[in-house]
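Atoms within each ligand, like the ligands themselves, are counted from 1 in listed order.
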Amino acid sequence: MTPAPHTVAELFSLHGRTAVVTGASSGLGARFATVLASAGATVYAAARRLEKLKRIADEDPRIHPVGCDVSQEADRVRLMETALDESGRIDVLVNNAGAPGAVHAADESADDFADVLAVNLVAPFHLARLLTEVPPSGSGRSRSVVNVSSVLGLVSGAPLGGAAYAASKAGLVGLTRELAGQWGATGVRVNALAPGWFRSEMTEGLFADERSRRWVERGTMLGRGGEQGELDGALLYLASDASSYCTGHVLTVDGGWTAR
Ligand SMILES: NC(=O)c1ccc[n+]([C@@H]2O[C@H](COP(=O)([O-])OP(=O)(O)OC[C@H]3O[C@@H](n4cnc5c(N)ncnc54)[C@H](OP(=O)(O)O)[C@@H]3O)[C@@H](O)[C@H]2O)c1
């Protein structure tokens, strides 16, 4: 699928496109929903905490909140149907919802492990499958799946990682490459974003604790955690036509954490 000629200003524009962002009630996902909307997209922002989503949607009329537990198949189907029925298209899927799981494998039962995989790996797979069932918009532009993995899917985070979390995020990398290979010819691009350490509800304790915060700073070449906004460019790149010839790629934005 060859993209139409564009100006530089159009390269990152999402005007006229529809995006679905999971895990949009807080942290990175809330920011992603806002960034995609500010690039012009109509955004369906999904998570379990509807009140939080509504507050984010109050800031931008292009953001539409959808209550959704991504571990539930019926919720996933309803989310994609809502976006398609209301906007007539889905161009971008950001699989961002994530569950941390236990830090220590010894504290994690097999059921706990499976619960983390249901959110972090099974849901992204199924939502991406549902995207492929949406008829293409006819614009000739590729559609984009952005799977939010983690540096912990690439390297061990011990002692502060998590077995199910690392397995799910590494699985997301394999899933990204496999789906990219299977769907490239159909005009669906599949890439992964692998952030380093960013402040959010999930990492609140880590940044609040001086020892672990210093551990992050020591292991990061830039000597600090990521700031709000430092994933915006990478997300927009993967979501937009700027990355029209990019698929099966894992884009790390980690201040150098994995470069050592
Ligand atoms: N922060 C980092 O340093 C970092 C680094 C690498 C990767 N990541 C990844 O980035 C993503 C966002 O994490 P975050 O750091 O922004 O943490 P966060 O603030 O805790 O956000 C997690 C989001 O996932 C949603 N979520 C969790 N379980 C869900 C479920 N069953 N159904 C629907 N939504 C669910 C939560 O919404 P509800 O509770 O309202 O459902 C929330 O919006 C995750 O995939 C995480 O693994 C984060």
Side-chain angles (χ1 to χ4, degrees), residues 20-35 44-57 63 65-80 93-101 103 112 114-124 126-127 146-155 157 160-162 164-173 175-176 192-208 212-213 215-217 219-220 224-232 234-235 250-255 257-258:
V20 171
V21 180
T22 67
S25 60
S26 66
L28 308 187
R31 177 78 184 188
F32 292 160
T34 304
V35 166
Y44 288 83
R48 292 166 300 182
R49 290 171 295 174
L50 191 55
E51 282 312 312
K52 275 184 165 269
L53 291 174
K54 283 180 178 162
R55 281 200 289 278
I56 292 158
I63 299 178
V66 183
C68 170
D69 181 341
V70 297
S71 69
Q72 303 301 310
E73 180 170 353
D75 278 22
R76 298 191 293 260
V77 170
R78 190 172 45 77
L79 168 62
M80 297 300 269
L93 167 65
V94 182
N95 276 316
N96 167 78
V103 170
D112 295 339
D115 287 347
V116 172
L117 260 62
V119 174
N120 293 8
L121 190 55
V122 177
H126 186 221
L127 287 163
V146 181
N147 290 322
V148 180
S149 179
S150 166
V151 290
L152 300 186
L154 302 172
V155 295
L160 296 180
Y165 187 80
S168 68
K169 295 300 183 180
L172 211 41
V173 168
L175 179 70
T176 296
L193 184 58
W197 302 97
F198 285 79
R199 282 170 183 75
S200 70
E201 287 182 9
M202 197 181 283
T203 57
E204 208 168 22
L206 178 126
F207 280 102
S212 50
R213 185 173 46 75
W215 175 79
V216 167
E217 290 166 359
T220 308
R224 60 177 177 81
E227 299 292 341
Q228 193 184 44
E230 290 192 306
L231 290 166
D232 295 0
L235 174 79
V250 182
L251 180 53
T252 54
V253 181
D254 65 354
W257 183 270
T258 51

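- Remark: ligand 1 and V151 share no N or O pair separated by less than 3.5 Å (distance only, no angle test).
- Residue W197 has at least one heavy-atom neighbour below 4.0 Å for each of these atoms of ligand 1: 3 (O).
- Considering backbone and side-chain atoms alike, G29 places every N or O at 3.5 Å or more from each N or O of ligand 1.
- The minimum heavy-atom distance between V250 and A194, with the atom names listed, is CG1-CB, 4.0 Å.
- In this structure a side-chain-to-backbone donor-acceptor pair under 3.5 Å is missing from D254 to P195.
- The nearest heavy-atom contact from the protein to atom 32 (N) of ligand 1 is V70 N, 2.9 Å.
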Step-by-step side chain to side chain contact (heavy atoms under 4.5 Å, CB included) determination, L79 to L127: CA-CA 9 Å; L79 168 62; L127 287 163; 4.2 Å; yes
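- Between the R78 side chain and the G67 main chain, a donor and an acceptor come within less than 3.5 Å of each other.
- Given atom 13 (O) of ligand 1, the protein heavy atom at minimum distance is M202 CE, 3.9 Å.
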Step-by-step side chain to side chain contact (heavy atoms under 4.5 Å, CB included) determination, Y44 to L53: CA-CA 10 Å; Y44 288 83; L53 291 174; over 6 Å; no
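- Using a 4.5 Å heavy-atom cutoff, the side chains of W257 and L154 are not in contact.
- Residue contacts with ligand 1, taken as heavy atom pairs separated by less than 4.0 Å, involve S25 via backbone and side-chain atoms alike.
- Considering only non-hydrogen atoms, atom 18 (P) of ligand 1 lies nearest to S26 out of P100, S26, A24.
- Taking a 4.0 Å cut-off on heavy atoms, K169 registers as neighbouring ligand 1.
- At least one heavy atom of V119 sits closer than 4.0 Å to an atom of ligand 1.
- L206 contributes atom CG, which lies 13.0 Å from atom CZ of F198 (distance to the nearest 0.5 angstrom).
- The nearest non-hydrogen atom to atom 9 (C) of ligand 1, considering only V116, D69, V148, V94, comes from V148.
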Steps toward side chain to side chain contact (heavy atoms under 4.5 Å, CB included) verdict (V70, H126): CA-CA 10 Å; V70 297; H126 186 221; over 6 Å; no
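- Without hydrogens or angle criteria, S149 side chain to L172 main chain gives no donor-acceptor distance under 3.5 Å.
- Considering only non-hydrogen protein atoms, atom 1 (N) of ligand 1 sits nearest to F198 O, 3.0 Å.
- The protein heavy atom nearest to atom 8 (N) of ligand 1 is Y165 OH, 3.6 Å.
- For C68, the closest heavy-atom approach to ligand 1 falls below 4.0 Å.
- Protein heavy atom nearest atom 16 (O) of ligand 1, with residue, atom name and distance: L28 N, 2.8 Å.
- Of the protein's heavy atoms, A97 CB, 3.8 Å lies nearest to atom 35 (C) of ligand 1.
- Between R48 and D75, the closest side-chain pair of non-hydrogen atoms is not below 4.5 Å.
- In this comparison of S200, A194, G196, S150, the heavy atom closest to atom 4 (C) of ligand 1 sits on G196.
- Going from atom CG of L28 over to atom CZ of R199 covers 12.5 Å, rounded to the nearest 0.5 Å.
- Between A47 and ligand 1, no pair of N/O atoms sits closer than 3.5 Å.
- Side chain of N120 to backbone of Y165: no donor-acceptor contact under 3.5 angstrom is found.
- In summary, the atoms of ligand 1 found under 4.0 Å from a heavy atom of T203, numbered by their order in the structure, are 1 (N), 2 (C), 3 (O).
- For ligand 1, the atoms sitting less than 4.0 Å from at least one non-hydrogen atom of G98 are 22 (C), 24 (O), 27 (C), 44 (C), 45 (O), numbered in the order shown with element in parentheses.
- A heavy-atom separation below 4.0 Å is found between S149 and ligand 1.
- Ligand 1 has a nitrogen or oxygen under 3.5 angstrom from a nitrogen or oxygen of R48.
- Counting the atoms of ligand 1 from 1 in the order shown, those under 4.0 Å from a heavy atom of N96 are 10 (O), 11 (C), 12 (C), 44 (C), 45 (O).
- With K169 contributing its side chain and V148 its backbone, the two residues share a donor-acceptor pair below 3.5 Å.
- A donor-acceptor contact shorter than 3.5 Å links the side chain of N96 to the backbone of G23.
- Below 4.0 Å from some heavy atom of G27 lie the following atoms of ligand 1, by number and element: 16 (O), 19 (O).
- For atom 25 (C) of ligand 1, the nearest non-hydrogen atom of the protein is G23 CA, 3.5 Å.
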